[in-house]
Amino acid sequence: EAQVTQNPRYLITVTGKKLTVTCSQNMNHEYMSWYRQDPGLGLRQIYYSMNVEVTDKGDVPEGYKVSRKEKRNFPLILESPSPNQTSLYFCASSSTGAGEQYFGPGTRLTVT
Amino acid sequence: ILNVEQSPQSLHVQEGDSTNFTCSFPSSNFYALHWYRWETAKSPEALFVMTLNGDEKKKGRISATLNTKEGYSYLYIKGSQPEDSATYLCAAFSGSARQLTFGSGTQLTVLP
């Protein structure tokens, strides 16, 4: 089954404790991206990747890192999480950046 | 950052009513316009991806049109049903920025 998986689905953590949210797709898609969703603000792009080893900042990259060492995986790293990073995070992939996005199930992160 | 705007922010209609929403986006450097349906506790799912001025797409009772010269798209739902209740997101892909920027969505509630 074609899908995008994210882990964990729910995470409660404390300020400053490094964490990684994993994202994996099995559709051989070139383009992957991370979004955060906050009430009233819609989906905002954090980082995107056009291909392996090619990443670029989205609209809200501060406080986040990503890597794309393999085509299927695109982890999101929060080196020192802060409460303002409490949000719902979605990973997505597509064959091209302009093409239909396939979203993962979402990760709800709470930073206290 | 592209400015993608959706209206209205929320909408309540009676079962059987037809309805439509608007998405406006910058017409310069436009490449593609997406519509997604997002049900509560689920992930966004693609409805349409359109690229050409005058494009019209249809899926069952839902259809969409695109005007790239004036920078807007309409989503129509004919004969709304309670299961159509969801948030409808539009997103524009800029060829220059290579980013997909989402609007804040229109939340539709269909009352039985």
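Within every chain, numbering begins at 1; the chains are lettered A, B, ... in the order of the sequence lines, protein sequences first and strands thereafter. Since the structure is predicted, the reported quantities are computational estimates derived from the model, not experimental observations.
The distance from atom CZ of B/F93 to atom OG1 of A/T96, rounded to the nearest 0.5 Å, is 7.0 Å. Between the CD atom of B/E45 and the CZ atom of A/F103 there is a distance of 10.5 Å, given to the nearest 0.5 Å.
Counting heavy-atom pairs under 4.5 Å between each of A/G58, A/G42, A/S33, A/G97 and chain B puts A/G97 at the top. In terms of heavy-atom pairs under 4.5 angstrom with chain A, the leader among B/S94, B/P44, B/G105 is B/P44.
In this structure, the portions of A/E100 lying under 4.5 Å from any heavy atom of chain B include both its backbone and its side chain. If you measure heavy-atom distances from B/L89 to chain A, the contacts under 4.5 Å come from the side chain alone. Of the two parts of B/Y36, only the side chain, counted from C-beta on, holds a non-hydrogen atom closer than 4.5 Å to a non-hydrogen atom of chain A. For A/Y102, no part lies under 4.5 angstrom from a heavy atom of chain B.
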* To do: Could you please spell out the steps behind the side chain to side chain contact (heavy atoms under 4.5 Å, CB included) verdict for B/F102 and A/Q37?
  => CA-CA 10 Å; B/F102 281 82; A/Q37 195 274 326; over 6 Å; no
* Asked: Which is it for A/Q45 and B/T101 under the side chain to side chain contact (heavy atoms under 4.5 Å, CB included) test, yes or no, and what are the steps along the way?
  -> CA-CA 7 Å; A/Q45 195 176 53; B/T101 301; over 6 Å; no
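Side-chain atoms of A/Q101 and B/L100, non-hydrogen and from C-beta on, do get closer than 4.5 Å to each other.
Residue B/Y76 qualifies as enclosed at atom OH: its count of foreign heavy atoms under 6.0 Å is above 12.
Between the side chain of B/S43 and the backbone N or O of A/G104 there is at least one donor-acceptor pair closer than 3.5 Å.
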